Peer 1: 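After the structure tokens below, expect a handful of questions from me.
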Amino acid sequence: MLTSIIRSPMAGHGLALVAGMLFPLAFAPFDLWIIGIVSLMVLVFTLDIDNGGWTVLRYYLFSIGMYGVGASWIFVSINTYGGASGLLAGMLVALFVTLYSLTGLFAAGLHLLIDKRLRIAVFPAVWVLLEWFRSWFLTGFPWLFAGYGHLETPLAGFAPVTGVLGLSFICVLTAVLLYSTGLRLLREDRNAGTLFGKLAGSRWAGVGIVIVIWCAGLLMARIEWAIPFRENVQVSVVQGNIGQHTKWSQSMIHPILNTYLTLTNEEWGREIIVWPEASITLFRESAGSILRALDKRGKESGATLVLGIPDRDEADQFLNTAVSIGEGDGSYIKRRLVPFGEYVPMEDLLRGLITFFDLPMSHNQAGPWDQIPMLAGTLKLSLSICYEVVYAELVRKTVDRPDLFITISNDTWFGHSIGPEQHLQMAAMRALENGRWMIRATNNGITALIDHQGKVQARLSSFEPGVLRGSVSIMKGVTPYHQIGHWPVLVLSFLMIGIGTFWRKKSR
């Protein structure tokens, strides 16, 4: 019966699509991580065939389902804030999903290179290389990586060593082992199962390996890669809740500034105060008197104020910038820009099509790769602006051995969608990977304090102005991931692909 399902075009293709649609339920705000594993098991089931064309199509259909559901927040950005009608926004989202899902063909190509007897066993490596590919292809869209669904499971103990790609590898390996075990138990194919199961000579070997791996994750979580060096650093994070429709209006410059000044009035004297991305809506060159006044107030009260402000370079190109004033020092220019949001690919064709493609801040220029770390007193800050925090390697390399992570964002673009929760989850993974506390300041949510173990210790309600007061710890020591990054899991994955390809050639 099982064989007849995957050999049926309609049933097999439909299962791949549905599995992709279910996959995002593993992530915030749903956090049904078990559904993510089941979804991957179903995908493996649909790929357990010897038909190259169907294999390619099923990778593609899974990707369409995954992005169609998991990246649905793009519709809100284009429709609610981009000035596009519901029909046009839906068409643009559908175009994005159908085109970007073509990246799944990269995995399909790797899959077909491997000897058919090893394809399921090597599938975790194929999946990891697909996520890696998606992290940089066309500037990258590193969203919905399998590992993010395990921030709260025993597998999280591996994150400081392997990074999110390592968690993805183990998650997919779990799905493969459980699928293999189930197939052996059903006796649909007496030769089914991974090499591990065959060598062990036991139908339950796959489950045993899964139990060992997950228990190892629990033990890994007990290792203290970084320990507190300074505790109870008092911080205040300000959430202005400024409406996106009016944020860049000239008439709103001073009301917005007054909102932040009023909310901050009782916070002077805290060691670190953080305002979100573009909290001042004047260009830096025009905001000199404001910044000088804030700098003076910070110095008098012994506080560092970190805030976002737009800037321009000598060529009059826009820069998305953060500055540290008062007891702090330095500035940071955003390096990884959001396609269509901060710059427009194929600009000559798309400018003027809809309001979304002609917003003032869609003309940004990326900052230099190497920048001097910002300071809060003597503390080295690793700062990321909005979308940058989803790039694991970018965050890891921004500052060597930082004292504290700060990310500022404007998630208003996502509205009431699942986007802000997904964004917060990825920020929490960066804190866990690198063993550092993170301060997350957003315009309207989700503003939060995240500890070095990736746990959200405090957060503000969304769509309300407010101040999040709390304390953070400065950690000493670094995680293995912070030192070497994703290279070990990538090397392992390439090695597995290489062995699978060599085995295929040898068997000819």
Side-chain angles (χ1 to χ4, degrees), residues 81 234-311 318-332 334 360-361 374 376 381 383-386 404 406-413 420 438-449 458-470 472:
Y81 301 109
Q234 300 299 304
V235 303
S236 293
V237 195
V238 182
Q239 180 172 289
N241 193 37
I242 307 301
Q244 193 61 40
H245 287 299
T246 59
K247 182 177 177 69
W248 296 105
S249 170
Q250 279 288 116
S251 63
M252 288 297 294
I253 291 173
H254 292 293
I256 289 172
L257 178 61
N258 288 335
T259 295
Y260 282 102
L261 290 174
T262 301
L263 288 169
T264 309
N265 194 46
E266 301 297 323
E267 310 309 314
W268 298 109
R270 310 280 285 181
E271 189 162 341
I272 301 174
I273 304 167
V274 185
W275 292 2
E277 177 185 13
S279 44
I280 293 180
T281 53
L282 275 171
F283 281 108
R284 189 175 179 180
E285 64 196 43
S286 303
S289 60
I290 297 171
L291 293 175
R292 284 191 293 272
L294 291 170
D295 181 63
K296 180 181 178 182
R297 185 71 183 272
K299 284 183 167 62
E300 290 174 348
S301 62
T304 292
L305 173 62
V306 176
L307 60 87
I309 185 171
D311 201 357
F318 295 175
L319 307 171
N320 193 343
T321 306
V323 298
S324 180
I325 54 182
E327 289 297 312
D329 183 56
S331 62
Y332 172 79
K334 188 176 183 182
M361 303 318 296
M374 294 172 61
L381 305 178
L383 195 127
S384 52
I385 299 179
C386 190
L404 191 63
I406 294 179
T407 180
I408 60 176
S409 186
N410 180 23
D411 284 2
T412 311
W413 291 104
M438 177 176 286
I439 301 172
R440 186 169 193 263
T442 68
N443 174 34
N444 73 333
I446 301 167
T447 295
L449 297 179
R459 57 186 281 175
L460 289 179
S461 298
S462 298
F463 307 102
E464 296 179 7
V467 178
L468 178 61
R469 301 177 184 87
V472 300

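None of these values were measured; they are calculated from a predicted model.
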Peer 1: Assess the side chains of Thr412 and Asn443: does a donor N or O sit below 3.5 Å from an acceptor N or O?
Peer 2: yes
Peer 1: Is the shortest side-chain heavy-atom distance between Ile273 and Trp275 below 4.5 Å?
Peer 2: yes
Peer 1: Got Ser236 and Trp268 here, is their nearest side-chain heavy-atom distance under 4.5 Å?
Peer 2: no
Peer 1: Would you say NE2 of His245 has more than 12 non-hydrogen atoms from neighbouring residues, nucleotides or ligands within 6.0 angstrom?
Peer 2: yes
Peer 1: Would you compute the distance between atom CD1 of Ile325 and atom CE of Met374 and round it to the nearest 0.5 angstrom?
Peer 2: 9.5 Å
Peer 1: When you measure from the side chain of Gln239 to the backbone N and O of Ser461, does any donor-acceptor pair fall under 3.5 Å?
Peer 2: yes
Peer 1: Counting neighbours of CD on Gln250 that are heavy atoms of other residues, nucleotides or ligands and sit closer than 6.0 Å, is the number greater than 12?
Peer 2: no
Peer 1: So, taking the atom named CG in Leu291 and the one named NZ in Lys296, what distance separates them when rounded to the nearest 0.5 Å?
Peer 2: 15.0 Å
Peer 1: Check the pair Asp411 / Arg440 against side chain to side chain contact (heavy atoms under 4.5 Å, CB included), numbers first and verdict last.
Peer 2: CA-CA 11 Å; Asp411 284 2; Arg440 186 169 193 263; 2.8 Å; yes
Peer 1: Does atom CD (Glu300) have a neighbourhood of more than 12 heavy atoms from anything else shown, all under 6.0 Å?
Peer 2: yes
Peer 1: Looking at Val467, Ile408, Leu460, Thr447, which hits side chain to side chain contact (heavy atoms under 4.5 Å, CB included) with Val237?
Peer 2: Thr447
Peer 1: What are the two closest heavy atoms between Pro420 and Gly445, and how far apart are they?
Peer 2: CB-O, 4.4 Å
Peer 1: I'd like to check Val323 versus Arg284 (side-chain heavy atoms, cut-off strictly below 4.5 Å). Are they in contact?
Peer 2: yes
Peer 1: What distance separates Ile272 CD1 from Gln234 CD, expressed to the nearest 0.5 Å?
Peer 2: 10.5 Å
Peer 1: Give a yes or no on whether the backbone of Asn241 and the side-chain of Glu464 come within a donor-acceptor separation of less than 3.5 Å.
Peer 2: no
Peer 1: Just verifying a value: how many Å separate Ile280 CD1 and Ile309 CD1, rounded to the nearest 0.5 Å?
Peer 2: 4.5 Å
Peer 1: Looking at residues at least two apart in the chain, or sitting in another chain, which of them share a salt bridge (charged side-chain N to carboxylate O under 4.0 Å, His left out) with Glu271?
Peer 2: Arg230
Peer 1: Verify, without hydrogens or angle tests, whether Lys299 (side chain) and Gly326 (backbone) share a donor-acceptor contact under 3.5 angstrom.
Peer 2: yes
Peer 1: Tell me the closest heavy-atom pair linking Ser279 and Leu307, and the distance in Å.
Peer 2: OG-CB, 3.7 Å
Peer 1: Are Asn410 and Gln244 linked by a side-chain donor-acceptor pair shorter than 3.5 Å?
Peer 2: yes
Peer 1: Say you draw a straight line from CG of Leu468 to CD1 of Ile446; how long is it, rounded to the nearest 0.5 Å?
Peer 2: 12.0 Å
Peer 1: Carefully, step by step, assess Lys334 and Leu319 under the rule side chain to side chain contact (heavy atoms under 4.5 Å, CB included).
Peer 2: CA-CA 7 Å; Lys334 188 176 183 182; Leu319 307 171; over 6 Å; no
Peer 1: At what distance, to the nearest 0.5 angstrom, does CD1 of Ile256 lie from OG1 of Thr281?
Peer 2: 4.0 Å
Peer 1: With a 3.5 Å distance limit and no angle check, can you tell me whether Thr304 reaches the backbone of Ala376 through a side-chain donor-acceptor pair?
Peer 2: no
Peer 1: Might you point out which heavy atoms bring Pro276 and Ser409 nearest each other, and give the distance in Å?
Peer 2: CB-O, 3.6 Å
Peer 1: Within the structure provided, determine whether Leu257 and Leu282 are in side-chain contact (heavy-atom separation under 4.5 Å).
Peer 2: no
Peer 1: Which atom names give the shortest non-hydrogen contact between Leu263 and Pro465, and what distance separates them?
Peer 2: CD1-CB, 4.4 Å
